[in-house]
Q: 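Handing you a structure now.
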Amino acid sequence: MNRSKATNVRWRILLIVLLLGFIAYVYRANLSVVGKFMMDDLGISQIELGWLLSAFIWGYTIFQFPGGLFSQLIGPRKTLVVVTLGSSLITLLTGLIVFSSASLVLLIPLILVSRFLLGAFQGPLFPAVGGGVIARWFPVGSWALPNGMSSTSLALGSAATPPLITLMVIYIGWKSSFFLLSILGVIGSVIWWKYARDWPNEHPDVNAEELKLTANNNLGDNQITWSLIKKVLTNTNVLLLSLSYLCMNYVFYIFFSWLFIYLVNERNFSILEGGLLASLPFLMGAIGATVGGYMCDRLQKKVGPTWGHRIPVILGLIPSGACLIFGSITQNPYLAVVSLALCFGFIQLTEGPYWSTIAFVSRENAQAGGGVLNTGGNLGGVIATPLIPILVAQFDWVIALSSGAVFAVMALVFFMFINFKENIKNGGMSKRLTGTTGRSTL
């Protein structure tokens, strides 16, 4: 065998991760579409649906940091199996609940519990992917693109969900859609378990040249100690990044939770047309996430990690706020869809840079740091998901959507204070010098 050229096992690993991310987002996004039919058939109000959608976010948020520690302890390979199979089981359980003859008084609490558990099972997903798989399998300074591609798979999952669920509703009914979807996670888990490994040197298909690519990553197995937990939770960079991510994800969750209902109820699109149009912002987001990750990695090689991360974030957050405001005030419904699609495309430019940043400032504690980051990110959803219908009821959709522009500006302010020359070490805070290539010398 010719070993002069590095193998590409890391990209195959990433491809399976993208599949698992796609499946995860189909599971979490299905209720935002099915919710329309639940309101019609079961008499659930829009406010009540907001709390049902929030139940997932609460479980997802609460289990982010514990999930990051869990992944750091047992490894991302086992963690992603737990995440995917657990999500499949809960989706199946939700289908059984909605098929039951329970009264609305009992049905709503049962769905609340199932959605909370779905969030809990998916809590370790991003910490295991960004801080585990990508940080271990890809070289320093090349983390943003695979993280951006990971977000692309999630956006594609969100884009596929409205038309997919709508077609299922038409042909098999909204209740049966839960059973059909639960099969996806079983298939994805089997593929992942058979091919993936925790570390490149554990995989039989990785050659010496590919191993050299990650030789400077300075990552290793960590024992979970109270000292480590305290260092991660109190690190200034991690907290600033998490606050920034919270504000950015406020905008994300407007789309994730309310876009389909906004298009159908406010913009008066039909169910089928609304399902198709609701996928457009997520398709733009899929493009934006990969472009932002690629841009971040290339810029790091030219201007260093600080501005290599800042520039894509600036280019993503400022235009997203402008597009969100315009999309809310324009009278033309199709122009509104285009503007909202651009908004989501711009906001997703920042995903790769955010997750690359947490790997830079957390280093070998990137999975735990990723848990803190995504806790902050999903607190944005905890705020946005119930707040949007309240703002609509008190004011209108223009005020509700425009609130996202304020959060986008706040996200940029927090991000600009992050210091890329400091990172967490198990023995304490360690300064590191970074060159224009994004590589580190400790």
Side-chain angles (χ1 to χ4, degrees), residues 57-76 78-79 82-83 119-136 140 143 147 198-199 217-249 305-306 309 353-383 411 413-434 440-442:
I57 305 169
W58 275 106
Y60 190 59
T61 302
I62 291 170
F63 283 88
Q64 284 297 311
F65 185 59
L69 295 175
F70 178 74
S71 181
Q72 194 160 312
L73 184 64
I74 73 167
K78 293 177 182 178
T79 299
V82 172
V83 166
F121 270 106
Q122 291 199 8
L125 175 62
F126 256 123
V129 171
V133 177
I134 292 173
R136 293 179 178 191
V140 178
W143 291 330
N147 272 299
D198 281 324
W199 298 94
N217 281 21
N218 297 298
L219 301 172
D221 292 305
N222 289 309
Q223 294 182 342
I224 304 301
T225 64
W226 287 112
S227 176
L228 181 148
I229 292 172
K230 181 179 178 181
K231 284 184 175 68
V232 174
L233 288 176
T234 59
N235 179 260
T236 302
N237 283 326
V238 172
L239 294 177
L240 282 170
L241 186 63
S242 300
L243 285 170
S244 177
Y245 203 48
L246 181 157
C247 296
M248 186 278 275
N249 271 281
T306 299
H309 288 86
Y354 270 110
W355 284 91
S356 177
T357 299
I358 197 62
F360 263 95
V361 300
S362 298
R363 301 302 291 176
E364 62 261 46
N365 300 306
Q367 292 174 88
V372 180
L373 174 67
N374 224 21
T375 298
N378 287 282
L379 283 174
V382 169
I383 296 169
V413 172
F414 286 125
F415 194 91
M416 295 299 287
F417 282 99
I418 293 167
N419 186 350
F420 283 84
K421 295 181 180 180
E422 291 183 343
N423 69 278
I424 302 172
K425 295 292 290 182
N426 283 342
M429 181 67 71
S430 175
K431 294 278 186 178
R432 64 184 171 90
L433 301 176
T434 53
S440 305
T441 55
L442 298 178

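Only this structure's heavy atoms are used, side chains among them; waters, hydrogens and symmetry mates stay out.
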Q: Can you list everything that forms a ring-ring contact (aromatic ring centres under 6.0 Å, His included) with Tyr60? Sequence neighbours excluded, please.
A: Phe56
Q: Which pair of heavy atoms, one from Val413 and one from Phe417, lies closest together, and at what distance?
A: O-CD1, 3.1 Å
Q: To the nearest 0.5 Å, what is the distance between CH2 on Trp58 and CG on Asn378?
A: 11.5 Å
Q: With sequence neighbours excluded, what pairs up with Ser244 under the side-chain hydrogen bond (donor to acceptor under 3.5 Å, both in side chains) test?
A: Tyr354
Q: Look up atom CG in Leu379 and atom CG in Asn374, then write down how far apart they are to the nearest 0.5 Å.
A: 10.0 Å
Q: Do Pro76 and Val129 touch side chain to side chain, with heavy atoms closer than 4.5 Å?
A: no
Q: Please find the pair of heavy atoms, one from Ser362 and one from Gly369, that lie closest to each other, and give the distance.
A: OG-CA, 3.7 Å
Q: Looking only at heavy atoms, which two atoms of Pro127 and Gly68 are closest? And how far apart?
A: CB-CA, 3.7 Å
Q: Using the side-chain contact (heavy atoms from CB on, under 4.5 Å) criterion, which residues pair with Thr79? Sequence neighbours excluded.
A: Phe70, Ser71, Ile74, Val83, Pro124, Ala128
Q: Which residues pass the ring-ring contact (aromatic ring centres under 6.0 Å, His included) test with Phe121, not counting sequence neighbours?
A: none
Q: For Phe65, give me all partners under side-chain contact (heavy atoms from CB on, under 4.5 Å), at least two apart in sequence or on another chain.
A: Leu69, Ile229, Val232, Leu233, Ala368, Val372, Thr375
Q: Sequence neighbours excluded, which residues qualify as side-chain contact (heavy atoms from CB on, under 4.5 Å) partners of Leu243?
A: Phe414
Q: Okay, side chain of Asn249, backbone of Gly381: is any donor-acceptor separation there less than 3.5 Å?
A: no
Q: Tell me, do Val140 and Phe360 make a side-chain contact under 4.5 Å, heavy atoms counted?
A: yes
Q: Where is the tightest heavy-atom contact between Gln367 and Arg136, given as atom of each residue plus distance?
A: NE2-NH2, 3.4 Å
Q: Roughly how far, to the nearest 0.5 Å, is OG1 of Thr236 from CD1 of Ile418?
A: 11.0 Å
Q: Hey, does Val238 have a side-chain heavy atom less than 4.5 Å from the side chain of Ile358?
A: yes
Q: Check the pair Leu241, Phe415 against side chain to side chain contact (heavy atoms under 4.5 Å, CB included), reporting the backbone distance first and the verdict last.
A: CA-CA 6 Å; Leu241 186 63; Phe415 194 91; 3.6 Å; yes
Q: Please name all residues satisfying ring-ring contact (aromatic ring centres under 6.0 Å, His included) with Phe126, sequence neighbours left out, ordered by chain then number.
A: Trp355
Q: Using the test side-chain hydrogen bond (donor to acceptor under 3.5 Å, both in side chains), find all partners of Ser356 that sit at least two apart in sequence or belong to another chain.
A: His309
Q: Nearest 0.5 Å, please: how far is CD in Gln64 from CG in Leu373?
A: 8.5 Å
Q: Please enumerate all residues that pass side-chain contact (heavy atoms from CB on, under 4.5 Å) together with Ile383, with sequence neighbours excluded.
A: Leu246, Tyr250, Leu387
